[in-house]
Amino acid sequence: MESQLVSWLASLIAGGVGGNVAGALFKNLNLGTLGNTVAGVVGGGLGGQLLTAVLGSGAATGMLGNIAGSGVGGIVVMVLVGLIKNAVAKK
């Protein structure tokens, strides 16, 4: 149980960091610090869960794999939300 909680927290933190990294890299998609963090946390949670579902919950994913998957998930969701926001703003 404790290991699962640590894994979730790592996923959420890595996702939040990933969202902010994406905001810094893609200035035109930036949602602001809070928006980047929220989108990243959502993506981190989804990315961590997806990675666990695809690779299994055993040692194959490991903590570093979980963090990497969550960070990438945070980047992907932040970019998608930024693209949607920009598309809606153009109408």
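The structure presented is a predicted model; accordingly, all values stated were derived computationally and were not measured.
- Scanning all heavy atoms of the two residues, the minimum distance from Asn30 to Gly23 falls at ND2-O, 3.5 Å.
- Summarising the geometry of Asn66 relative to Ser11, their closest heavy-atom pair is OD1-OG, 2.9 Å, with the distance given to 0.1 Å.
- Applying the side chain to side chain contact (heavy atoms under 4.5 Å, CB included) criterion to Ala68, with sequence neighbours excluded, gives no partner residue.
- There is no path of hydrophobic side-chain contacts, each under 4.5 Å, that joins Val72 to Leu31.
- Residues satisfying the side chain to side chain contact (heavy atoms under 4.5 Å, CB included) test with Leu83, not counting sequence neighbours, are Leu29, Val79.
- Leu9 contributes atom CG, which lies 11.0 Å from atom OG of Ser70 (distance to the nearest 0.5 angstrom).
- Hydrophobic cluster membership is shared by Val21 and Val81, with clusters built from Ile, Leu, Val, Met, Phe, Trp and Tyr side chains linked at under 4.5 angstrom.
- If you check the side chains of Asn28 and Asn86, you find no donor sitting under 3.5 Å from an acceptor.
- Using a 4.5 Å cut-off between side-chain heavy atoms of Ile, Leu, Val, Met, Phe, Trp and Tyr, with links allowed through other members, Val17 and Ile75 fall into the same hydrophobic cluster.
- Residues Met78 and Val38 fail the side-chain proximity criterion, which asks for heavy atoms closer than 4.5 Å.
- With sequence neighbours left out, the side chain to side chain contact (heavy atoms under 4.5 Å, CB included) criterion links Thr37 to Asn20, Thr33, Val41.
- Under the 4.5 Å side-chain heavy-atom criterion for ILVMFWY residues, a single connected hydrophobic cluster contains both Ile67 and Val6.
- A chain of hydrophobic side-chain contacts below 4.5 Å, direct or via other Ile, Leu, Val, Met, Phe, Trp or Tyr residues, connects Val77 to Leu25.
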